[in-house]
Amino acid sequence: MHAKWTLLLVILLFSSCSSQDNSDGDRSENSDDRAMEMSVGEKDTSLQLRYTSGITAIYEDSKGRFWFGSQNEGVCMYDGSGFTYYTMSDGLSNNQVRSIQEDRDGVIWFGTANGITSFDGEKLEIRTGGNHGIPDPVSGNTWQMASDDLWFLGDSGMHAGYSDGQGTYRYDGRSLTYLSFPLPPGAKRDDSYLVTGIVKGRNGTVWFATYPAVFGYDGQSFTIINDKTAGTGSGAERLHVRSIFEDSRGHLWIGNNGLGVLHYDGETVTNFTEQQGLSLREKGPTGSLGRIFSIAEDAAGNIWFGSRDNGAWRYDGTSLTNFTMKDGLTSSMVWTIYRDSKDVLWFGMADGSVCRFDGEGFDRTY
């Protein structure tokens with residue numbers, strides 16, 4: 001009897017150990033799978049952005065999540081409970097994120113300083129960048145457009161050596177194509193026609209800001225605004241475009257680094273900054289409107305300018321109001337301004353924080 005119980009005990013112990021080994025093996029395998037799933041991005045529930053290099057892009061996606069691109073620390077997503085951070089170690093093509101968009105399938109796209117990256121919610125995929133081992137996209141000069149196209153800065157592939165950066169990438173929902181700009185007569189390919197901003201107008205025109213010129217494409221022809229057509233460049237300052245925006249009236253606002261803000265009503269280009277007496281050489285009591293890196297419009301039709309040195313400016317159609325750190329901004333430089341689906345204005349600051357306007361002043365949100 002004792003021997004039988006001993007044999008039964010051995011069998012039970014062996015069965016238990018075998019089951020435990022398989023169970024541990026399953027957990028180990030599942031753990032690895034989960035680790036692989038969670039290896040893309042790092043979740044932080046501190047509810048405080050940890051960027052310090054500056055917020056260069058803000059975007060609200062179709063799910064109501066907010067994305068924040070940084071100057072050199074990657075991109076992160078806020079889902080209401082915390083931030084998930086993505087960098088080159090997760091598959092991002094570069095840690096400088098200049099633009100964030102969403103395609104018709106809900107895929108998020110990032111235009112970076114070295115390549116374009118898409119994110120389908122599970123993995124990051126580099127779409128351009130020869131030095132990332134990605135095949136070159138098709139190049140050509142056959143310009144086309146559709147309402148749901150995505151457009152990207154052309155120098156996203158320049159560092160890979162297969163484009164000079166003096167053009168744009170178009171994503172039509174299927175593939176990326178690199179398109180060169182029709183440079184003005186006498187212009188050279190080494191004149192740094194690098195894209196600094198892209199905006200879609202209300203009539204379908206896509207506007208591309210480059211340092212020395214603005215190109216507007218309506219699907220058939222181009223409108224070109226440069227020193228010659230704008231009447232600038234005769235003095236010390238020439239066009240050096242850093243931002244662009246088309247307002248609800250169809251008027252174009254062009255922000256320069258030095259020259260100030262130009263206004264284009266569809267026929268005439270005027271220097272808005274000089275009209276306001278706020279050029280670099282005519283600084284007002286609160287500074288100048290000479291170096292503008294972002295432009296937006298609020299729900300009331302006010303135009304907002306984010307400056308490099310003097311915070312934010314609001315134009316109500318008659319007068320300008322300047323908001324600085326004394327009004328709650330966390331930095332003197334505003335990298336980007338974004339209007340969300342609820343008509344709230346978000347301001348991406350040079351210190352890596354995000355502020356929102358409450359109607360009178362600013363509060364640091366993240």
Side-chain angles (χ1 to χ4, degrees), residues 47-49 51 53-71 73-80 83-86 96-103 106 108-112 119 150-153 195-202 206-209 242-248 252-255 261 292-308 311-315 323 327-359 361-366:
L47 302 186
Q48 189 66 57
L49 269 174
Y51 290 150
S53 61
I55 303 298
T56 50
I58 301 175
Y59 183 76
E60 180 186 13
D61 68 21
S62 58
K63 297 180 180 179
R65 303 173 302 183
F66 282 89
W67 296 82
F68 303 97
S70 72
Q71 175 68 0
E73 298 165 274
V75 67
C76 69
M77 181 269 290
Y78 179 68
D79 62 2
F83 294 94
T84 301
Y85 292 84
Y86 305 90
Q96 183 180 117
V97 177
R98 300 173 175 176
S99 66
I100 307 172
Q101 303 175 75
E102 183 176 5
D103 68 20
I108 307 299
W109 293 72
F110 309 105
T112 79
F119 181 59
L150 301 186
W151 300 88
F152 301 90
L153 282 60
V195 178
T196 56
I198 302 174
V199 64
K200 293 182 179 180
R202 63 176 188 170
V206 181
W207 295 95
F208 304 90
R242 291 306 307 262
S243 56
I244 192 169
F245 180 78
E246 186 182 296
D247 66 22
S248 56
L252 196 66
W253 299 86
I254 305 169
V261 178
I292 302 303
F293 281 54
S294 56
I295 310 173
E297 182 178 11
D298 64 22
N302 300 312
I303 306 300
W304 288 79
F305 307 102
S307 78
R308 193 195 73 173
W313 298 77
R314 182 183 64 192
Y315 179 60
F323 299 90
D327 300 295
L329 290 175
T330 57
S331 171
S332 295
M333 180 179 181
V334 179
W335 263 115
T336 187
I337 308 174
Y338 180 77
R339 178 176 164 185
D340 69 15
S341 61
K342 297 181 180 178
D343 292 327
V344 176
L345 288 186
W346 300 66
F347 295 75
M349 309 303 295
D351 67 345
S353 63
V354 175
C355 297
R356 288 191 295 193
F357 185 64
D358 63 10
F362 291 84
D363 293 318
R364 176 173 179 170
T365 307
Y366 303 120

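Keep in mind that this is a model prediction, so the values were computed, not measured.
- A donor-acceptor distance shorter than 3.5 angstrom exists from the side chain of Ser243 to the backbone of Ile292, with no hydrogens or angles considered.
- Remark: Glu60 engages Ser341 in a side chain to side chain donor-acceptor pair (under 3.5 Å) (not counting sequence neighbours).
- In this structure, Ser294 and Thr336 approach most closely via the heavy-atom pair CB-CA, 3.6 Å.
- Glu246 contributes no side-chain N or O that, together with a main-chain N or O of Val199, makes up a donor-acceptor pair within less than 3.5 Å.
- In terms of the side chain to side chain donor-acceptor pair (under 3.5 Å) criterion, Trp151 has no residue partners (sequence neighbours excluded).
- One N or O on the side chain of Arg202 and one on the backbone of Ser248 form a donor-acceptor pair closer than 3.5 Å.
- Between the CZ atom of Arg314 and the CD1 atom of Ile303 there is a distance of 12.0 Å, given to the nearest 0.5 Å.
- Rounding to the nearest 0.5 Å places OG1 of Thr330 at 6.0 Å from CZ of Arg364.
- In terms of heavy-atom proximity, Ile244 sits nearest to Ile198 at CG2-N, 4.3 Å.
- Every ring pair (Phe, Tyr, Trp, His ring centres under 6.0 Å) that Phe357 has, sequence neighbours left out, goes to Trp304, Phe323, Phe362.
- Counting all heavy atoms, side chain and backbone alike, Gly301 lies closest to Glu297 at CA-OE2, 3.4 Å.
- Among all heavy-atom pairs drawn from Phe83 and Gln48, the shortest one is CE1-N, 3.6 Å.
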Report task. Given side-chain contact (heavy atoms from CB on, under 4.5 Å), test Gln96 with Thr112 step by step and report yes or no. Result -> CA-CA 5 Å; Gln96 183 180 117; Thr112 79; 5.7 Å; no
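- Going from atom CD1 of Ile295 over to atom CD1 of Ile337 covers 8.0 Å, rounded to the nearest 0.5 Å.
- Annotation: Phe66 is not in aromatic contact with Tyr366 [ring centroid separation under 6.0 Å not met].
- A centroid separation of 6.0 Å or more is found between the aromatic rings of Tyr51 and Phe68.
- Although no hydrogens or angles enter the test, the distance criterion places a donor-acceptor pair under 3.5 Å between the side chain of Thr56 and the main chain of Val97.
- Between the CH2 atom in Trp109 and the CH2 atom in Trp67 there is a gap of 14.0 Å [rounded to 0.5 Å].
- Between Gly201 and Trp207, the closest heavy-atom pair is N-CD1, 4.5 Å.
- With rounding to the nearest 0.5 angstrom, the CD1 atom of Ile55 is 8.5 Å from the CG atom of Asp351.
- Using cut-offs of 30° and 60° on the angle between ring planes, the pair Tyr59 and Tyr338 is tilted.
- Sorted by first and then second residue, the pairs that involve residues 328-341 and meet salt bridge (charged side-chain N to carboxylate O under 4.0 Å, His left out), not counting sequence neighbours, are Arg339-Asp343.
- The side chain to side chain donor-acceptor pair (under 3.5 Å) test applied to Trp253 returns Asp247, not counting sequence neighbours.
- One distance of note links CD1 of Ile100 with CE of Met77; it measures 11.5 Å at 0.5 Å rounding.
- When the side chain to side chain donor-acceptor pair (under 3.5 Å) test is applied to Ser332, no partner is found at least two apart in sequence or on another chain.
- Here the shortest heavy-atom pairing between Phe347 and Ala312 reads CE2-CB, 4.0 Å.
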